[in-house]
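So that the names make sense, note that chain A is the first sequence line, chain B the second, and so on, each numbered from 1.
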Amino acid sequence: MTVIYQRGYTMEDESVLIKIRKDKLREIREELKINPFPYKYDVTDYSAGIIENFEEYSSSGKIASAAGRIMALRVMGKASFCTIQDAEGRIQLYVAEKSIGEAGYRLFNKLDIGDIIGVKGAVRRTKTGEITIFIADLVLLSKNIRPLPIVKEKDGEVFDAFADKELRYRNRHVDLIVTPGVKETFIKRIAIIRHIKKILDDKNFCEVETPVLQPVYGGAAASPFTSHHNALDLRLYLRISLEPYLKRLIVGGMERVYEIGKCFRNEGIDRTHNPEFTMLELYQAYADFTDMMSLTEEIITGTAAALNGSAKIAYEGKEIDLAPPWRRLKVVDALAEYAGLRVAEMSDRDLEAGLDKLGSEIRGGFNRGLAINDLFKLLVEDKLVQPIFITHYPAETTPLCKPDYDDERFLQRFELFINGTEIANAYSESNDPILQRKTLYEQSLRRDVDKEAPPMDENFVQAIEAGMPPTGGLGIGIDRLVMLLTGATSIRDVLLFPTMRPQE
RNA sequence: GAGACGCUAGCUCAGUCGGUAGAGCAACUGCCUUUUAAGCAGUGGGUCCCGAGUUCAAUUCUCGGGCGUCUCACCA
C-alpha cells in the first residue's frame with residue numbers, strides 16, 4: 001500500500017522533506033517571479049559588529065545591510081521573527097508585512113531554515129530587549145533544499161546537538177553551520193599557523209614549498225602512500241616528512257627555511273593520527289639543537305599567549321604551564337626518574353627482558369639503542385605532562401642527527417613532550433657526509449626486517465657531500481599543537497576534513 | 001590488531017521480558033502584527049543497519065556480516 005504523505009507525496013525515493021523544498025523553490029520562481037539564486041549582495045554590516053555598536057546604530061537610525069543563513073524561524077500572521085547566522089555570529093530579524101510589503105512577506109512565508117537571505121533595516125531593541133534588525137527589505141540569496149539538523153542553544157546549554165561524530169566529519173559543512181564552537185576551533189587553528197609564520201618571518205626565515213610527490217621518500221620511518229606518474233611511467237611517493245628537501249635548500253645557501261605542509265603516512269588512524277597531517281619543519285644554518293629549544297619555547301609560548309592571552313592552558317582537566325624555560329632531561333635520566341631504571345648499568349639481556357615484560361620487541365632483532373628508546377616510550381612518555389625537553393636519544397633512533405660531543409652513543413636531539421604527547425622533535429643536523437652516507441646506507445639495509453625504514457636517497461647524500469653548514473632543525477606537529485591549544489581531544493576535531501572510509 | 005558500546009522518523013533519543021513502534025524538535029495544515037530552546041492548535045511521517053537461524057510470529061533472541069564511536073595496542 002502506498003502511503004500518502006504531505007502535499008500528496010509518498011515516502012519513496014527522495015526524502016519528502018526535500019521534495020517539499022524543491023516545490024517551494026519552483027513556486028518562488030514561477031509564482032513570485034523571483035530568482036532564488038541571485039549573483040551578489042552588498043553586505044556592509046555583520047552580526048557581532050551590529051550588537052557591539054548597537055548604540056550607534058539605534059541613535060543614528062543607520063540602516064544595516066546584512067546577509068546570512070536562516071537558523072530559526074518564528075513565523076506569525078503579519079509580523080514574524082527569524083535569526084540569521086553570518087561570519088561573526090547570529091542576529092535576530094523582525095519581519096513585518098507592513099515594512100517589507102505584501103510581496104516581501106509572501107516570499108518570507110516560503111523561506112525555510114537553511115536559506116540564505118540579505119536584509120536591510122534599522123537596528124533596535126525589541127520589547128524583550130533583544131537587539132534586532134527591523135528589516136525593510138528582504139532578498140533571497142540562496143534556497144536550501146536539504147534540511148539542516150536543528151540545534152538549539154540557551155545559556156550555553158545545547159539542545160538536540162548534531163552529535164553523531166561520523167556524520168559530523170562526513171558532513172563538515174553541516175557541522176560548521178550548526179554545531180557551536182566548531183568554526184571557532186578552526187579559526188584558532190588558522191590563527192596559530194599565522195602566528196607561527198609571523199614569528200619565523202620576523203626572524204628572516206623563508207617559507208618555501210618542496211615536492212609532495214617524491215621518487216624517494218625519507219626523513220622519518222613510516223610507510224608511504226604510493227602513486228604513479230603516467231607520462232614518465234614513474235612510481236612516486238607522497239612525502240612522509242619535509243626534511244630531505246629543506247636540507248637541500250640549506251646546502252643551497254638558503255640559511256633559514258621553513259615549510260608548513262601536509263605529510264602523509266600510510267598507517268593506522270586513531271585519536272592522534274590521521275593519514276595526512278600538517279608539519280612545521282624549519283632549518284637554521286649555524287645553529288644547534290639548543291638554539292632549537294629556545295626557538296621552540298618562543299614559538300609555542302608566544303602562540304599560546306597570542307591565542308589565549310596566557311601561558312597557562314587547561315587540557316583534559318589538567319593545568320599546563322607553558323611559561324619557559326622548560327625542563328631539560330636526558331632520556332636515560334628520565335628513565336631513572338620516572339621508571340626507576342638505570343639503563344646505563346643494565347645489560348642487553350636485562351633491557352630485552354624489560355621490554356619483553358612490557359610485551360614489546362624490537363623490529364628486526366634486538367638493538368640496545370632502540371631498546372632504551374622503546375623503554376622510554378612505554379614507561380615515561382605519558383607521565384610528561386608539563387612541557388619538558390627530553391634530550392640525548394640513542395644514536396640508533398635516527399641517522400640524520402649529530403652525535404653528542406663526548407658520548408657518540410647519544411645524539412644532540414630533543415623531543416618536546418606536553419601532556420604526554422610528542423609535540424616537537426629537533427636535531428643538531430648531521431652534516432658529516434662520510435658518516436651520513438654510512439648511517440643512511442645502514443638504515444636502508446634494515447628494510448629487510450623493518451618495512452618502515454626508508455630507502456637510500458643517493459641525491460640527498462650527494463647534497464650533504466656538497467657541504468652543509470652546521471644546522472639546527474626543528475619539526476612541530478601542527479595538528480597536535482592545535483589540539484593542545486584548543487583543548488581538542490581528537491585530531492579529527494582540528495582537521496576540517498579528516499580521512500574517512502567512503503560511504504557505501 | 002583486541003575489547004566495550006552503538007546502529008529505531010530529517011535531528012536528538014525512548015521502547016518492545018518476541019505480537020511489525022513512541023517523544024521532543026524539524027515538516028505539513030490552520031490561526032496569529034513583538035517572538036526567542038519552542039507563538040498557539042492540529043496532522044502526517046519508519047527497510048527499527050544487512051543476512052541467516054530459532055519461532056505460529058523477530059525491530060526485539062542466537063549466529064554471522066557491515067559500519068561507527070570509545071578505550072587499549074601499534075605508529076622515530
Just to be sure I follow the notation: if a pair is Watson-Crick (purine N1 to pyrimidine N3 plus N6-O4 or O6-N4) or a G-U wobble (N1-O2 and O6-N3), each under 3.5 Å, what dot-bracket string does RNA chain B give, with | for pairs to another strand? (((((((..((((.....[..)))).(((((.......))))).....(((((..]....))))))))))))....
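- Checked for salt-bridge contact, K247(A) and E243(A) meet the test: a charged N lies under 4.0 Å from a carboxylate O.
- Using a 4.0 Å cut-off between a side-chain N of Lys or Arg and a carboxylate O of Asp or Glu, K143(A) and D112(A) qualify as a salt bridge.
- Ring to ring, H392(A) and F289(A) are close: their centroids are under 6.0 angstrom apart.
- Cation-pi geometry between K62(A) and Y57(A) is met: the NZ or CZ atom falls under 6.0 Å from the ring centre, inside 45° of the normal.
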Taking protein heavy atoms under 4.0 Å as touching, what does nucleotides 71-76 of chain B look like 5' to 3' if B marks base contact, S marks sugar-phosphate-only contact and - marks none? S-BBBB
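- Ion pair D457(A)/R248(A) flagged as a salt bridge, since at least one NZ, NE, NH1 or NH2 atom sits closer than 4.0 Å to an Asp/Glu carboxylate oxygen.
- Salt bridge absent: R168(A) and E166(A) never bring a charged side-chain N and a carboxylate O closer than 4.0 Å.
- Using a 4.0 Å heavy-atom distance criterion, V75(A) is classed as a base contact.
- Panel note: side chain E88(A), backbone A48(A); a donor-acceptor pair is recorded below 3.5 Å.
- R168(A) comes within contact range of no nucleotide atom at all, as no heavy-atom separation falls under 4.0 Å.
- Between F81(A) and Y94(A), the gap from one ring centroid to the other is short of 6.0 Å.
- When the side-chain nitrogen and oxygen atoms of K152(A) are compared with OP1 and OP2 of A26(B), one or more of them lie within a distance under 4.0 Å.
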